[in-house]
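Report on the following structure.
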Amino acid sequence: MKKLLVCIVAVWVMLAFTACGGEEQTEENHVTQKESQTTDVISGGSVEAVTSQTISAKEYLPTVSKKKDDVYEKKLRTGDYTWEKPFVVANPYGNSPLTAYILFYTEDSCKVRVTVKGKTKETDVSGTVKKAKYHRVPVVGLYPGRENKVVVTCLDGKGKKLRSQTLSIKTSALPDKLDDVIKVEKKTKKSAYGLTIISGFSTKYPFAYDENGDVRWYMYMTSGSYGVFPLSNKRFMFLSDAAYTPTAEKPHVTQMYEMDYMGRAYQSYYVKNGIHHEVIEKTPGGNLLVLSNSIDKHTEDVVVEIDRKTGNIVKSLDMREIFDDTYQDMIDWAHLNTASYKKEDNTILLSPRNVHAGIRVNWKTNELKWILANPKMFEGTKQEDKVLKPIGDITWHYQPHSIYELPYDLDGDPDTVHIMMYDNHWRGTRKVDFFDKKKESFVTVYAVNEKEMTVRQEKLYPGVKSIITSNSAYDRKDNRVFSFGGYLHPLVNGRQGMIYEFDYNSETVLNQYSAKYYFYRGYELNIDWNDLAEPLKISKDYVKGTLQAPIVAKEKKVPDKKIGEDKVSFYLMGSVLYMTANDHAVKKVRFVGKNNSYVMDYSSSGKGGKKYRKLKYAIAIPLSTLKADTYEIAVQYDGTWYNTGKNVVRNN
């Protein structure tokens, strides 16, 4: 176990740096960059289209979840488990250790309230499940490594208590990685958030803590660099580290799952050019806005809209369509890190960090509406007239890492909108001579008058310097501002992250927590108890999205020279082949059949960043568009073609 943890930590260290920060001619040189970007639309109907006798197979997480869920539903429906003798299962899906199900039958219908008793009354975690006779009661918020007291209460239609009992649920200890992960630095008020999620970057196990700093939920699955993203249905998108795509700089995740806090997966989505920094719903329950890559000499420069039902990319916007070439002087010149949509005027708000700005764009026409930045940044550019004019004194932002509009009227002026930003206040990537050298990072609230094209600074909440990652949030109910500083520089007493909870009006720090590790973002954890209590339903098309796909090739040669699995290895997940190798080691993959031949070409991703060369990861290759045949697999590894000794069968 210790060896396993050492390996995991080593991977964490390597991946922690992936969030910010002319090929030789061959017989296949007829493959152009455009052709190499052929897209395969992935759908559940093609999951069983490919098999192999030489390559092992894994199941998609939704099907794994469904099999386990069916077992619990079958147990419940027997009626064998009663109020007096319920069936209790901790960590029911094997990946969310601080959750449980309590299953029982009652002759009369009742609602059920479940409460995990906290160390204090304020840290109780409680929820109510709708009226039923067969009860599948979800439990979320258990403490690790102890016997938890869980109170279960039956209620009538008016909420009156009919009966109540206390059960004991035992949990396993936290993984070593999560020991002392949150420390209370200051606590003066009850927090506006009952549970707060931290994830991404060095925090590879997403987790949630209560106001006492105790871990009350975590996923025993390692995520990709950007962790998890909450959804309006109170589930979340989990960025899987199972598959990446190479780019001109660093690899990016290409697969994500829609999941709930019990650990169940509902959907798998692929995004062919990778996912980074943001997954957010365009509107509640609607399409997804995802930050991606052009993989055309640049990275982290594209926002795409993904059809929620099909996984298809319905719109893509490259930042080169918005800005002139003044700042297109590096691979990661834009570095998008947030996106959000405003239905009222069909615009999106974006945060291109590496030009020290926030921008609003018409999502239909791609017209740049305005730029929120120090005017000096865009002097002499074609975008100069789009820069908002400052009113009063402003502490300008530098390399901000999150920008969102607050959907509230905070100043009584109907002509203003309020923009909240996490201002890292750093210039490590884009140096400018007008940087003010302030030693703090800030959460800033701007009031923007879009008619008059002006901006004033309403609030400025300082915190210790966090040079990358990080985000902020506003809680309207308690009028609180949260500052999630995910990458401290320098460290504070050896701690790598810092979270503040401010009073909005007075700008006073009410509560403060430090994090043991770097993280990407923080959010409030919200639970839909009735959703967790329902049997899991997955659609026929539980696999959706797009991936770069093989194209027809002229060459039908399989080399004699063999390559070992220590260099390149494979497994199948449905009709998608996962190929694991070092970053940029494999430029091309050839599938040679008896009657057909195809090639995957990753040349458009360039050479990649030198510091990622030893990073080993899987690339997902869709095979459902291949014609029916048996295909041997060859790879071009470090410029030489090899026979992998593996084959796949594309069935009729």
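Aromatic pair F238/Y257: centroids not less than 6.0 angstrom apart. In this structure, the ring of H397 has its center less than 6.0 angstrom from the ring center of Y446. Here H252 and H277 keep their ring centres 6.0 angstrom or further from each other. Ring centroid separation for the pair Y487 and Y518 comes in under the 6.0 Å cut-off.
In this structure, CG in D583 is found 7.5 Å from OG1 in T247, a value given to the nearest 0.5 Å. Note that the OG atom of S597 and the CG atom of L626 stand 9.0 Å from one another [nearest 0.5 Å]. Atom CD in E258 sits 8.5 Å away from atom NZ in K544 (nearest 0.5 Å). Taking NZ from K389 and CG from N449, the interatomic distance works out to 11.0 Å, rounded to the nearest 0.5 Å. In this structure, OH on Y422 lies 4.0 Å from OG on S466, to the nearest 0.5 angstrom. To the nearest 0.5 Å, atoms CE (M579) and CD1 (I633) are separated by 9.5 Å.
When atom types are taken as modelled, the side chain of R427 and the backbone of V432 share a donor-acceptor pair closer than 3.5 angstrom. Under a 3.5 Å cut-off, the side chain of S232 and the backbone N or O of G285 do form a donor-acceptor pair. A distance-only check finds no donor-acceptor pair linking the side chain of S470 to the backbone of G485 [under 3.5 Å]. Panel note: side chain Y602, backbone H584; no donor-acceptor pair is recorded below 3.5 Å. Of the possible polar contacts, one joining the K465 side chain to the E440 backbone as a donor-acceptor pair under 3.5 Å is found. A distance-only check finds no donor-acceptor pair linking the side chain of N337 to the backbone of E300 [under 3.5 Å]. Side-chain N or O atoms of N312 include none that pairs as donor or acceptor with a backbone N or O of V314 at under 3.5 Å. Side-chain N or O atoms of D307 include one that pairs as donor or acceptor with a backbone N or O of T310 at under 3.5 Å. Side-chain atoms of K587 come within 3.5 Å of backbone N or O of G606 as a donor-acceptor pair. In this structure a side-chain-to-backbone donor-acceptor pair under 3.5 Å is missing from D423 to S441.
Here the closest heavy-atom approach between residue S402 and residue S472 is recorded as OG-N, 3.5 Å. The two residues M377 and V355 make their nearest non-hydrogen contact at CG-O, 3.6 Å.
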Checklist entry - Taking it one step at a time, do H401 and H335 satisfy ring pair (Phe, Tyr, Trp, His ring centres under 6.0 Å)? => result CA-CA 9 Å; H401 223 92; H335 194 99; 5.6 Å; yes

Next on the checklist: side chain to side chain contact (heavy atoms under 4.5 Å, CB included) for H356 and Y327? Distances and angles first, verdict last.
Outcome noted: CA-CA 11 Å; H356 303 302; Y327 294 119; over 6 Å; no

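At most 12 heavy atoms of other shown residues, nucleotides or ligands fall within 6.0 angstrom of atom NZ in K369.
Looking only at atom types and distance, the side chain of Y617 has no donor-acceptor partner in the side chain of N582 under 3.5 Å away.
Considering only heavy atoms from C-beta on, Y269 comes within 4.5 Å of M237 through its side chain. You'll find the side chain of Y598 stays beyond 4.5 Å of the side chain of I621, heavy atoms only. Within the 4.5 Å cutoff, the side chain of Y523 has heavy atoms near those of the F229 side chain.
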